Q: 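Structure in structure tokens, see below.
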Amino acid sequence: MTITERYNFRQTEPKWQAEWEKRECFLAKDSSDKPKYYVLEMFPYPSGRIHMGHIRNYTLGDVIARFKLAQGYNVLHPMGWDAFGLPAENAAIQNNLHPGKWTYENIASMRKQLKPVGFAYDWSREFASCDVNYYRHEQKLFLDFFANDLVYEKESLVNWDPVENTVLANEQVVDGKGWRSGAPVERRRLSQWFLKITDFAQDLLDSLDTLKGWPERVVTMQQNWIGRSEGAYVHFPVVGRSESLEIFTTRPDTLFGASFCAISPNHPIAEELAKTNPSIASFIKECNSLGTSLEDIEKAEKRGVDTGLKVQHPLDANWQLPIYIANFVLMDYGTGAIFGCPAHDERDHEFATKYKLPIKQVIQPEGEVIDVSSQAFTGDGLLVNSDFLNGLSVEQAKQAMNKVLEEKGCGRKAITYRLRDWGVSRQRYWGCPIPIIRCADCGVVPVPEEDLPVVLPEDVTFDKPGNPLDHHPTWKHVNCPKCDGKAERVTDTLDTFFESSWYFLRFCSPHSDKPFEKEAVQYWMPVDQYIGGIEHAVMHLLYSRFFTRALRKCGYLNFDEPFKQLMTQGMVCHETYKDSKGQWISPDEIKKVDCAFVKSSDNSPVVVGRSEKMSKSKKNVIDSDEMMQSYGADATRLFMMSDSPPDRDLEWTDMGIQGVWKYLNRIWKFVVEAEHYCNKSAQGSGDKDQAILKLLHKTVSSGTVDLEKFHFNKYVARMREFHNEFEKHYKNLSAPVLKTSLQTFVQLLNPIIPHITEELWHEMGMKDLLVHEPWPKADSAYLKDDTIEMVVQVNGKLRGSLEVALDEDPEVIKKIALALPNVQRIMEDKQVRKIIVVPNKIVNIVI
RNA sequence: GCCCGCAUGGUGGAAUCGGUAGACACAACAGACUUAAAAUCUGUCGAUCGUAAGGUCGUGCCAGUUCGAGUCUGGCUGCGGGCACCA
């Protein structure tokens with residue numbers, strides 16, 4: 001076998017990677033005559049191994065980067081590490097390793113895995129967010145936010161493990177218990193730092209309309225997350241007390257249908273009552289054992305306890321309502337108190353039925369009989385049993401009620417948002433220290449800028465629970481920058497979403513001694529194409545949108561939206577397997593015998609399960625290194641791109657990667673052979689030349705559109721279609737047509753399989769690198785057809801087809817269609833009622 | 001519980017604006033080459049009736065709009081993502 005017969009990726013791939021690096025093909029220049037293009041994939045958490053989900057994410061970005069490079073853009077395509085986070089601390093506890101050591105070792109091994117895939121990254125811009133040179137700037141940004149009134153401190157609820165005396169992440173609460181101690185968690189108040197994202201709620205909502213390049217579902221999810229609602233605050237005087245209970249409602253129109261008020265278990269009144277009332281205290285304790293996760297709270301059975309307290313109806317002094325403490329009322333939303341109208345709200349209805357509270361109908365839909373005792377009616381209608389609101393529509397009633405509430409001084413119209421301010425305090429070591437000092441005399445004192453960075457101490461221990469920064473013997477003890485008296489650092493670190501909210505700005509000028517250079521950000525931002533998982537649809541993307549607004553307020557930049565276009569990719573899945581004992585087993589522990597899988601070790605039968613997201617727990621992870629070794633980067637890349645569209649899940653299969661590998665060899669063999677054929681001075685026929693040129697230009701034209709829309713799987717299919725046709729006829733082409741067609745074909749494949757195409761380009765005797773070649777352009781002269789095929793239907797059913805000139809007269813088409821034998825046969829002697837002609841597409845005869 | 005998606009042959013998917021359902025592949029089957037296997041090449045490949053021409057059914061389920069629905073509307077079912085301290 002000669003070298004040209006089989007493609008040797010083990011030699012080729014490293015060779016061209018070295019060449020690209022040597023010639024600095026992918027270094028982004030901070031100024032250029034070319035238009036700029038910033039393509040970014042969500043930077044990875046350095047968990048230790050590159051998995052297939054990473055490879056898919058980065059291949060998507062890489063194909064775009066290479067395509068845009070060829071199209072003549074100045075491309076920025078960077079890579080870095082989202083390196084702070086909980087897993088590093090867990091590893092530290094388990095293996096007695098420093099989180100920093102663990103993290104940097106992981107980064108090194110992941111970088112080593114990533115390089116052989118041949119991504120067109122500008123590696124000179126790489127950084128890890130746990131580098132002091134990254135987080136020192138983050139501290140500066142925090143201080144600027146502080147100075148610009150975007151930071152404040154307030155008490156909020158956390159999950160507390162009473163045995164370990166530690167704050168737990170939601171993930172660390174399993175069935176209401178601490179994951180290590182097994183102790184039931186408690187909700188506990190803790191003073192925490194918050195960013196005022198709600199200052200921008202309306203703007204974050206309004207600007208979503210401008211994000212035309214975002215998937216609609218992500219926009220909808222953000223809209224719902226921000227959750228603007230118009231309603232009213234209403235004061236209910238508490239009977240026998242001087243205070244009143246303030247509630248928020250979106251349905252002031254139903255105020256005359258009120259039958260109870262409910263407050264959160266964490267409402268001040270509830271907590272006060274708990275001090276003297278043991279049954280209330282135990283109910284609150286039970287509610288608190290649910291932890292802080294909204295999901296758990298809302299899934300739990302709706303329960304309440306009567307406080308014994310009564311409120312007066314704001315519009316009728318003789319009407320009293322009970323106050324309940326209810327487990328579904330959240331302290332974080334509105335005022336932590338609601339009024340219940342069971343007839344017109346499902347949750348209130350459920351609650352009222354359970355505690356035998358009155359259900360009073362106040363809305364009557366027109367021309368419909370309803371029974372609110374059995375089911376809440378939430379639709380539109382006219383107000384009844386409601387004093388001055390009677391006869392009004394829901395919308396009119398809302399306005400009328402708001403007006404009266406305001407006049408009587410017992411309420412006011414208000415707009416609220418579901419969005420809450422962003423709590424950024426974490427009681428953990430492996431994060432960016434919050435640069436604040438507490439002084440007994442001066443209070444809260446920000447760390448002076450010249451004292452930055454506040455560096456994480458290296459000498460920490462993880463032998464006891466809680467925050468090592470808090471335990472550290474010396475770190476937190478400092479002198480107050482104002483009065484020089486004894487003071488303490490805040491030992492909380494920032495939420496890791498903080499790092500990922502501005503890293504895309506840092507990539508524009510990663511070596512700057514400021515957070516970023518204004519000019520560089522001005523030039524590169526916004527990110528033209530951002531790519532990552534749908535799981536980040538709300539939080540990360542919303543925080544980043546908030547950050548640019550906050551930075552704008554601080555004078556750092558002058559735009560609001562960081563990501564012009566967004567692509568959300570699906571997961572990488574694999575079949576799952578279980579052995580005869582029902583234990584998960586991995587794909588490399590099994591083998592195929594007579595169409596069924598058995599365990600390699602003992603030939604026992606294996607149960608094949610459905611395809612699921614690759615995860616360690618289900619043992620269906622395919623190692624990227626193994627694929628690199630067996631099939632190489634191009635094959636892995638091609639498989640990633642050719643099967644599923646980017647936003648859907650991709651199922652990794654052994655057969656699939658093998659098929660792609662075979663195809664790479666077919667490309668190799670074909671191009672090499674055809675190239676030889678060029679030199680045999682082939683004599684082509686004009687007909688075949690024209691036909692292949694037509695197909696070639698059509699392929700270039702529609703292929704370019706596919707790439708622009710990120711329809712990579714269709715793009716690959718189109719290339720194969722062209723290849724199939726080309727391979728059939730290449731021996732009948734003239735040498736010049738064969739040559740250009742081959743070159744264009746190789747070039748079109750380049751963004752997806754860059755190594756083999758670079759090698760073929762070289763084999764074809766081209767002097768420069770293929771990555772330097774401009775993207776091919778389609779000649780419109782080849783794109784038009786003179787005649788087209790039209791389909792003929794009778795009553796919407798396919799009955800035949802006809803070939804006519806482009807834009808043929810509809811009357812002519814009708815005649816030809818009616819004359820078709822199959823149409824004649826179906827019609828028999830029936831009358832034509834109507835004929836619909838859709839130009840150049842279809843004829844439908846209605847009989 | 002709430003919010004957001006998705007569902008097309010044995011499998012992954014294609015169908016640009018409501019206009020030929022199944023492009024391009026994978027698997028399978030048959031054949032060629034081979035001592036044999038692999039590789040490669042050729043052919044078949046939604047179901048069903050029919051010798052064929054051709055017909056009927058078919059895009060998770062039930063309705064609806066339309067000359068025409070995978071695509072639009074309403075109602076379900078199943079699966080997935082998110083729910084604020086996993087990243």
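Labels below follow one simple rule: chain letters A, B, ... track the order of the sequence lines, proteins then strands, and each chain is numbered from 1. What you see is a predicted model; the values in this text were computed from it and never measured.
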Q: Please tell me which of A:N822 and A:L798 maps to the more 5' nucleotide of RNA chain B, matching each residue to the nucleotide holding its nearest heavy atom.
A: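 The 5'-side residue here is A:L798.
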Q: Do A:K698 and A:D785 meet the salt-bridge criterion of a basic N to acidic O distance under 4.0 Å?
A: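 A salt bridge links A:D785 with A:K698.
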Q: Show me the donor-acceptor pairs within less than 3.5 Å that the side chains of residues 653-660 of chain A make with the rest of the protein, sequence neighbours left out.
A:
{"from": "A:T653", "atom 1": "OG1", "to": "A:G656", "atom 2": "N", "distance (Å)": "2.9"}

Q: Please report the distance separating the P of B:A30 from the corresponding atom of B:A37, rounded so that it comes out in whole Å.
A: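 About 13 Å, rounded to a whole number of Å.
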Q: Rounded to whole Å, please give me the gap between CD in A:E725 and C1' in B:A23.
A: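 It is 14 Å, rounded to the nearest whole Å.
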Q: Considering just the side-chain nitrogens and oxygens of A:S644, establish if one lies under 4.0 Å of OP1 or OP2 belonging to B:G12.
A: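 False: A:S644 side-chain N/O out of range (4.0 Å or more) of B:G12 OP1/OP2.
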Q: Going by a 90° cut-off around 0, is B:C17 syn or anti?
A: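 Syn, angle within 90° of zero.
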Q: When you measure from the centre of the six-membered ring of A:W225, is the NZ or CZ of A:R418 under 6.0 Å away and within 45° of the axis?
A: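 Geometry flag: set, cation within 6.0 Å and 45°.
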Q: Taking atom P in both B:C17 and B:C86, what distance in whole Å separates the two?
A: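 Here B:C17 and B:C86 have their P atoms 39 Å from each other.
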Q: With a 3.5 angstrom cut-off on both distances, give the Watson-Crick or G-U wobble partner of B:A27, or none if there isn't one.
A: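 WC or wobble partner does not exist here.
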Q: Please give, in whole Å, the distance from B:C3 C1' to A:Q222 CD?
A: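 It works out to 13 Å between those atoms.
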Q: Could you check which nucleotide pairs with B:A15 in any of the strands shown, counting Watson-Crick or G-U wobble with both distances under 3.5 Å?
A: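 The answer is none; no pair meets the criterion.
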Q: What contact category does A:K302 fall into here, base, sugar-phosphate, or nothing, at under 4.0 angstrom with non-hydrogen atoms?
A: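 Result for A:K302 = nothing.
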Q: Please round to the nearest 0.5 Å and tell me the distance separating atom OH of A:Y715 and atom CD1 of A:I752.
A: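 Separation between the atoms: 6.0 Å.
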Q: According to a strict under-4.0 Å criterion, is A:R825 in side-chain N/O contact with OP1 or OP2 of B:G55?
A: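 Looking at the OP1 and OP2 atoms of B:G55, one of them is under 4.0 Å from a side-chain N or O of A:R825.
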Q: Distance to the ring centre below 6.0 angstrom and angle to the axis at most 45 degrees; does that hold for A:R720 and A:Y663?
A: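 Geometry flag: set, cation within 6.0 Å and 45°.
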Q: What does B:C45 pair with, Watson-Crick or G-U, if both distances are under 3.5 Å?
A: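 Looking at the geometry, B:C45 pairs with no nucleotide.
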Q: B:C57 phosphate, OP1 or OP2: any side-chain N/O from A:K797 under 4.0 angstrom?
A: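 Answer is yes, contact under 4.0 Å.
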Q: According to side-chain contact (heavy atoms from CB on, under 4.5 Å), who are the partners of A:T704, at least two apart in sequence or on a separate chain?
A: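 If we apply the side-chain contact (heavy atoms from CB on, under 4.5 Å) test to A:T704, skipping adjacent residues, the hits are A:F67, A:Q71, A:V700, A:E708, A:W775.
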Q: Sticking with atom P, work out how far B:U48 lies from B:A63, rounded to a whole angstrom.
A: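 About 25 Å, rounded to a whole number of Å.
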Q: Would you mind pulling out the nucleotide paired to B:G60, Watson-Crick or G-U wobble, both distances under 3.5 Å?
A: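 Looking at the geometry, B:G60 pairs with B:C76.
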Q: Picking from B:A14, B:G12, B:A27, which would you name as closest to the side chain of A:P645?
A: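 Minimum distance to the A:P645 side chain belongs to B:A14.
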Q: Pairing check on B:C83: which nucleotide meets the Watson-Crick or G-U wobble criteria with it, both distances under 3.5 Å?
A: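 Per the H-bond distance test, B:G1.
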Q: Rounding to an integer number of Å, can you tell me how far A:E301 CD sits from B:G1 C1'?
A: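 Going from CD in A:E301 over to C1' in B:G1 covers 13 Å.
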Q: Using a 4.0 Å heavy-atom cut-off across all strands, classify A:R347 as base, sugar-phosphate, or nothing.
A: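 Here A:R347 touches no strand at all.
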Q: Any side-chain donor paired with an acceptor under 3.5 Å for A:D421 and A:Y152?
A: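 Yes, because at least one side-chain N or O of A:D421 sits under 3.5 Å from a partner of the opposite role on A:Y152.
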Q: I'd like to compare against my own output: the B/S/- annotation of nucleotides 80-87 of chain B with a strict under-4.0 Å heavy-atom distance to protein.
A: -SSBBBSB
